[in-house]
Asker: 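Handing you this structure, nothing more for now.
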Amino acid sequence: MSNLSAEVSRQDFEKLANAIDLYKTREGGLIPVLHTAQGIFGYLPLEVQEFIARGMDIPLSEVSGVVSFYSYFSSVPKGKHTIRVCLGTACYVRGGKKIIEYLIDHLGVNAGETTDDGKFTLEVARCIGACGLAPAMMIDEKVYRQVNVNKLEQILGDY
Ligand code: FES
């Protein structure tokens, strides 16, 4: 079993090395490399950030600076599903705040955290393009519009 995961991990790092080769000399190449790495590993642990820094010949601080600047990138494992509650202006004034409060309470996590069972990561979004039917939220790629606390239980139940 450990041999198998070592093999998988070796292949993952090979894939990442290919992406580094591809983007190393391009301006702004770090972002697509991080994107690729997060796609491969699901998140960006220190080991992966160090690998990228070495491969791209840049300081680790530059890599971790970019990882912590963009909320899209994460240095901790994410849950199986990511819930993004919109708190853009339209959603906020139409009840988005109640939704995030309910989820914080119901899931027992703060925004940016993952539930103990690893099922959900809760995040806040600034506008997901559904302002006309606010308040809105997303679970993974699916957008939910005109969400209210009553609907939430059913929505979560589908996962
Ligand atoms: S403000 Fe929430 S979708 Fe635009």
Side-chain angles (χ1 to χ4, degrees), residues 12 15-16 18-20 22-24 26-53 56 58-159:
D12 287 345
K15 269 193 240 162
L16 179 54
N18 289 339
I20 291 171
L22 189 63
Y23 291 107
K24 194 176 172 170
R26 298 196 197 174
E27 188 155 345
L30 179 56
I31 299 279
V33 167
L34 290 171
H35 217 282
T36 304
Q38 187 156 290
I40 295 171
F41 298 95
Y43 69 114
L44 300 166
L46 186 61
E47 186 191 3
V48 170
Q49 293 183 37
E50 284 169 346
F51 185 86
I52 291 170
M56 297 196 77
I58 53 176
L60 175 61
S61 57
E62 190 176 331
V63 177
S64 32
V66 172
V67 170
S68 52
F69 182 78
Y70 291 98
S71 61
Y72 173 80
F73 295 126
S74 177
S75 57
V76 290
K78 288 213 181 198
K80 190 161 177 233
H81 302 290
T82 302
I83 303 175
R84 290 192 182 89
V85 179
C86 181
L87 290 184
T89 310
C91 291
Y92 189 86
V93 299
R94 291 205 219 152
K97 189 164 174 271
K98 274 201 189 119
I99 291 169
I100 188 91
E101 282 169 358
Y102 173 90
L103 288 169
I104 286 172
D105 192 48
H106 185 79
L107 299 173
V109 291
N110 278 313
E113 293 177 355
T114 297
T115 54
D116 286 343
D117 61 3
K119 196 162 177 190
F120 294 112
T121 296
L122 183 60
E123 290 181 354
V124 166
R126 291 297 161 198
C127 180
I128 54 174
C131 312
L133 292 168
M137 63 180 246
M138 291 178 82
I139 300 186
D140 302 328
E141 300 306 315
K142 188 165 165 108
V143 178
Y144 293 88
R145 297 168 173 87
Q146 292 184 311
V147 181
N148 58 47
V149 166
N150 293 338
K151 277 191 195 169
L152 270 178
E153 214 164 309
Q154 191 196 334
I155 292 170
L156 292 181
D158 290 343
Y159 294 83

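This structure is a prediction, so every number in the text was calculated from the model and none was measured. Whatever order the structure lists them in is the order used to number ligands and atoms, beginning at 1.
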Asker: For residues Gln38 and Tyr72, determine if any side-chain heavy atom of one lies less than 4.5 Å from a side-chain heavy atom of the other.
Answerer: yes
Asker: Within the supplied structure, the quantity of interest is the number of heavy atoms (other residues, nucleotides, ligands) at a distance under 6.0 Å from Tyr70 OH; does it exceed 12?
Answerer: no
Asker: Suppose I only count heavy atoms of Cys131 and a 4.0 Å limit; which atoms of ligand 1 are within that range?
Answerer: 1 (S), 3 (S), 4 (Fe)
Asker: Evaluate whether atom NZ of Lys80 has more than 12 neighbouring non-hydrogen atoms of other residues, nucleotides or ligands under 6.0 angstrom away.
Answerer: no
Asker: Using a 4.0 Å cutoff against the non-hydrogen atoms of Ala130, which atoms of ligand 1 qualify?
Answerer: 3 (S)
Asker: Can you tell me if Cys91 has an N, O or S atom under 2.8 Å away from atom 4 (Fe) of ligand 1?
Answerer: no
Asker: Between Glu153 and Tyr102, is a side-chain contact (heavy atoms from CB on, under 4.5 Å) present by the stated rule, with each step listed?
Answerer: CA-CA 10 Å; Glu153 214 164 309; Tyr102 173 90; 3.6 Å; yes
Asker: Is Ala134 close enough to touch ligand 1? Criterion: a residue heavy atom under 4.0 Å from a ligand atom.
Answerer: no
Asker: List ligand 1 atoms under 4.0 Å from Cys86, heavy atoms only on the residue side.
Answerer: 1 (S), 2 (Fe), 3 (S)
Asker: What atoms of ligand 1 come within less than 4.0 Å of a heavy atom belonging to Gly129?
Answerer: 3 (S)
Asker: More than 12 foreign heavy atoms under 6.0 Å from CD of Glu47: is that the case here?
Answerer: no
